[in-house]
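Written out below as structure tokens is the structure these notes cover.
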2 protein chains.
Amino acid sequence: MVKLTDVAAKAGCSVTTVSRVINNYGYISQKTRKKVHEAMKELNYQPNSVARSLQGKKTKLIGLIFPDVSNPFFGELVSKIEDRLFKHGYKTILCNAGNDKEKERTYLQMLMANQVDGIIAGAHNLGIEEYQRTGLPIVSFDRKLSDNIPIVSADNFKGGSLATQELYNHGARHIYFVGNPTLDGHPTQKRLLGYKETIEELKLTEHIHPVIFNETLALKEMAIRDLLENHKVDGIVASDDLTALLILNISHDLGIHIPEDLKIIGFDGSKVVRDFEPRLSTIVQPIPSIAQLLVKLLEKRIDNPTEELDNYTYYLPVELLKRESSGN
Amino acid sequence: MVKLTDVAAKAGCSVTTVSRVINNYGYISQKTRKKVHEAMKELNYQPNSVARSLQGKKTKLIGLIFPDVSNPFFGELVSKIEDRLFKHGYKTILCNAGNDKEKERTYLQMLMANQVDGIIAGAHNLGIEEYQRTGLPIVSFDRKLSDNIPIVSADNFKGGSLATQELYNHGARHIYFVGNPTLDGHPTQKRLLGYKETIEELKLTEHIHPVIFNETLALKEMAIRDLLENHKVDGIVASDDLTALLILNISHDLGIHIPEDLKIIGFDGSKVVRDFEPRLSTIVQPIPSIAQLLVKLLEKRIDNPTEELDNYTYYLPVELLKRESSGN
DNA sequence: TTAATACTGTTATTCGTTTGACATATAGAC
DNA sequence: GTCTATATGTCAAACGAATAACAGTATTAA
């Protein structure tokens with residue numbers, strides 16, 4: 001490993017001078033600066049960031065805690081966040097926490113031990129205290145961790161409402177919400193609330209058919225099959241796109257025609273689903289904006305940890321993508 | 001930040017003793033060991049891994065360089081790799097290199113500066129030398145980087161062959177390969193070769209219809225539309241599942257019946273596609289096994305950098321998943 | 001000529017942990 | 001009582017870079 005002293009030797013100057021060039025302080029002549037830069041280039045020198053960190057410099061490492069990048073939505077979100085972090089000079093430590101509380105806890109410990117500059121948290125296993133205790137700058141996606149941790153979300157409530165209204169507009173009168181029933185604080189809860197409120201406004205009866213996000217595929221399918229076979233339903237607000245796809249597929253199996261017999265709207269609108277399932281109507285979360293805002297807020301916290309933010313909750317606008325499955 | 005000296009004070013012993021407990025060397029009585037562990041727990045102490053690394057200890061950081069986790073296949077692969085790395089005590093630095101040579105180069109520099117213990121490379125922009133020059137343990141997914149860097153792949157050739165044969169068995173006689181045409185070294189090339197050889201064995205004519213992986217959706221769609229409208233085709237081997245889905249969708253638009261008029265087999269078989277597009281036949285890559293082997297080989301290289309491997313190329317078996325789209 | 005400014009070097013300390021060298025103390029074995 | 005294995009402590013150097021303090025030289029301005 002080539003080190004500072006090697007560069008100094010090559011450039012024919014002292015380590016202090018090289019350090020002055022790298023960290024840009026004190027007096028340095030253009031001539032020396034150039035010489036040092038040349039030496040660094042020739043030796044392909046990279047300051048050892050481990051040593052720099054120990055000296056108190058920032059590590060430029062950010063921990064990303066999300067459920068699982070194999071889910072297209074989180075995959076895309078993580079991808080966008082990573083991209084923005086990179087542009088701002090940060091490196092991403094990926095932590096797929098799944099539903100594993102213990103894993104998430106271990107990750108948190110590990111991120112602290114690695115002196116990360118901050119954390120973007122999108123998984124939802126742990127309570128408030130553990131995140132608080134890190135003493136690190138944190139921003140959260142889609143869930144309240146504590147009073148002084150900013151949350152970025154899509155406007156889930158509005159999404160739930162929009163979807164319900166759209167189904168109604170296309171003639172549906174027996175509209176079900178299919179997905180996680182009200183789990184305290186879970187983001188899909190707001191979608192459900194949006195559904196509920198709109199159902200009430202429309203003077204319809206609300207129907208909630210639980211399909212748990214973490215369940216196995218077979219169990220989810222059973223629940224959906226039960227719904228479609230045994231209930232009078234002509235419209236479905238799904239809590240997420242994958243659930244919507246499942247409903248689409250099972251409807252097909254059962255000979256239910258979409259959208260004539262049944263109209264469906266999903267939620268999330270990741271690019272993959274939008275591009276490769278062009279029949280599915282969905283509420284699109286603005287993933288790039290979410291990523292951008294998360295990184296912006298985090299950087300603000302890092303650069304100025306004590307400053308109070310003017311806002312701790314951010315709802316980004318969702319968009320209704322009208323496709324065939326909802327009757328368009 | 002709690003540090004070693006704090007633990008020593010709390011436990012009422014010297015730092016050396018604490019270090020002996022942590023690093024497990026020298027003589028330590030059970031009594032002291034317990035006292036130290038209690039102190040660590042009480043103070044919620046985590047050894048500063050930055051300082052440890054500087055001392056020459058391993059960083060337990062692994063760089064993952066892949067095109068993009070928003071692609072379901074890479075999302076799942078990265079997810080599985082991350083999971084295995086975690087189990088082995090490693091942390092994952094995620095590098096989405098896209099098709100950006102410059103970004104990949106920057107990443108490589110960065111990973112070196114951060115003293116990662118090793119790299120798993122699955123992106124395909126850079127030449128041999130830059131990876132060689134890192135002097136780090138590296139394993140590669142699906143592409144040859146150099147003679148002494150082990151490669152793990154699915155058996156792409158076999159996959160291309162299987163798919164072609166299956167289409168033939170179901171009566172297709174005008175079988176096209178749709179996807180990347182032969183790009184030197186690209187993994188899909190082997191799929192194409194498998195297709196070609198089988199076509200020859202079957203005494204059919206080969207047809208290659210280029211649809212470039214990196215192109216925009218619109219251009220891909222144009223290329224596929226052209227194929228379906230202007231060519232006599234009754235079977236398609238797609239270079240990947242997303243291309244296959246596109247073909248499925250466009251066929252639907254054009255009133256082409258699957259599988260009666262046209263049979264299609266995709267490639268990759270990520271869980272998302274398998275679960276949520278149950279009509280699509282596909283060649284399934286064994287993603288968990290790939291992840292497992294990549295991590296195993298990397299760890300071997302890390303623990304024993306000089307040891308020659310008995311094998312530098314690993315082909316993992318693929319599986320044909322027979323669904324409706326290929327005539328089942 | 002004097003003084004100020006610009007530039008570079010020397011030296012030493014710091015970050016938190018690891019570890020080797022060495023001293024000392026206690027316990028049990030013979 | 002002596003020897004040895006076990007247990008703990010003190011001290012110092014190292015990892016690579018940052019930087020403060022200070023010394024010294026060169027250049028420029030007044």
Side-chain angles (χ1 to χ4, degrees), chain A residues 1-40 43-61 109-117 135-136, chain B residues 1-40 43-61 109-117 135-136:
Chain A
M1 228 338 95
V2 28
K3 59 178 83 163
L4 203 60
T5 49
D6 301 326
V7 177
K10 183 99 187 175
C13 62
S14 69
V15 288
T16 306
T17 302
V18 177
S19 182
R20 285 200 258 252
V21 170
I22 292 173
N23 297 289
N24 212 49
Y25 72 97
Y27 291 118
I28 282 290
S29 69
Q30 280 311 312
K31 219 183 74 193
T32 326
R33 174 166 281 137
K34 196 169 156 237
K35 250 188 352 190
V36 170
H37 276 131
E38 274 165 4
M40 291 202 293
L43 297 173
N44 193 28
Y45 171 75
Q46 282 283 115
N48 181 328
S49 60
V50 167
R52 305 191 86 191
S53 307
L54 191 55
Q55 247 302 313
K57 295 268 170 191
K58 301 227 169 298
T59 56
K60 289 285 172 181
L61 285 171
Q109 295 278 341
M110 178 274 274
L111 292 176
M112 288 173 67
N114 278 276
Q115 313 286 112
V116 297
D117 291 343
L136 287 169
Chain B
M1 229 337 95
V2 182
K3 60 178 82 163
L4 204 60
T5 50
D6 302 326
V7 177
K10 183 99 188 174
C13 64
S14 69
V15 288
T16 306
T17 301
V18 179
S19 183
R20 283 200 258 252
V21 171
I22 293 173
N23 298 290
N24 212 49
Y25 72 98
Y27 291 116
I28 283 290
S29 69
Q30 280 312 312
K31 216 182 76 195
T32 325
R33 173 167 283 136
K34 194 169 156 237
K35 247 188 354 193
V36 170
H37 276 130
E38 275 164 3
M40 292 201 293
L43 298 173
N44 194 27
Y45 170 76
Q46 281 285 114
N48 181 328
S49 62
V50 167
R52 306 191 84 188
S53 307
L54 189 56
Q55 250 301 315
K57 293 270 173 191
K58 301 230 170 296
T59 56
K60 289 288 175 179
L61 285 171
Q109 294 278 341
M110 178 274 274
L111 291 175
M112 289 172 67
N114 278 276
Q115 313 287 109
V116 297
D117 291 343
L136 286 170

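What's counted below: heavy atoms across the whole structure, side chains too, no hydrogens, waters or symmetry copies. Throughout, protein chains are lettered first and strands after them, A, B, ... in sequence-line order, and every chain is numbered starting at 1. This is a predicted model, so every value here is computed, not measured.
- Within the 4.5 Å cutoff, the side chain of Lys10(B) has no heavy atoms near those of the Met40(B) side chain.
- Screening Asp6(A), Val36(A), Ile22(A) against Tyr45(A) for a side chain to side chain contact (heavy atoms under 4.5 Å, CB included) leaves a single residue, Ile22(A).
- Side-chain contact between Asn48(A) and Gln115(B) is present, with heavy atoms from C-beta onward closer than 4.5 Å.
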## Note on the structure
Its contact letters, B for base, S for sugar-phosphate only and - for none at protein heavy atoms under 4.0 Å, make nucleotides 10-15 of chain C read BB--BB

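- Between Lys60(A) and Asp117(A), the shortest heavy-atom distance links the atoms N-OD2, 2.7 Å.
- What separates CD of Gln46(B) from C1' of dG16(C) is a distance of 14 Å, to the nearest Å.
- Per the geometry, CG belonging to Asn23(B) stands 17 Å off P belonging to dG16(C), to the nearest Å.
- Counting only N and O atoms by type, the side chains of Ser19(A) and Thr16(A) include no donor and acceptor under 3.5 Å apart.
- Listed pair Ser19(A) / dA18(D) meets the phosphate criterion, a side-chain N or O lying under 4.0 Å from OP1 or OP2.
- Summarising the geometry, the separation between NZ on Lys57(A) and P on dC15(D) is reported as 22 Å, rounded to the nearest angstrom.
- Considering only side-chain N and O atoms, Lys31(A) lies nowhere under 4.0 angstrom from the phosphate OP1 or OP2 of dC7(C).
- Taking 4.5 Å as the limit, some side-chain heavy atom of Glu38(B) sits within range of a side-chain heavy atom of Lys34(B).
- An OP1 or OP2 oxygen of dT18(C) is reached within less than 4.0 angstrom by a side-chain nitrogen or oxygen of Arg52(B).
- One atom, CG of Asn24(B), and another, P of dT18(C), lie 12 Å apart when rounded to the nearest Å.
- Rounded to whole angstrom, the span from the NZ atom of Lys58(B) across to the C1' atom of dC15(D) amounts to 15 Å.
- Surrounding NZ of Lys35(B) are more than 12 heavy atoms belonging to other residues, nucleotides or ligands, all under 6.0 Å away.
- For the segment residues 4-12 of chain B, residues with any heavy atom less than 4.0 angstrom from an atom of DNA chain C are, sorted by number, Leu4(B).
- Between Val116(B) and Leu136(B), some side-chain heavy-atom pair lies under the 4.5 Å cut-off.
- Put simply, the side chain of Val18(A) reaches to within 4.5 Å of the side chain of Cys13(A), judged on heavy atoms.
- When the C1' atom of dG9(D) is taken as reference, atom CD1 of Ile28(B) falls 11 Å away, rounded to whole Å.
- Distances shorter than 4.0 Å separate none of the side-chain N or O atoms of Tyr25(B) from OP1 or OP2 on dT17(C).
- In this structure, Asn48(B) does not reach the dT17(C) phosphate: none of its side-chain N or O atoms is under 4.0 Å from OP1 or OP2.
- To the nearest angstrom, P of dA20(D) lies 15 Å from OH of Tyr27(A).
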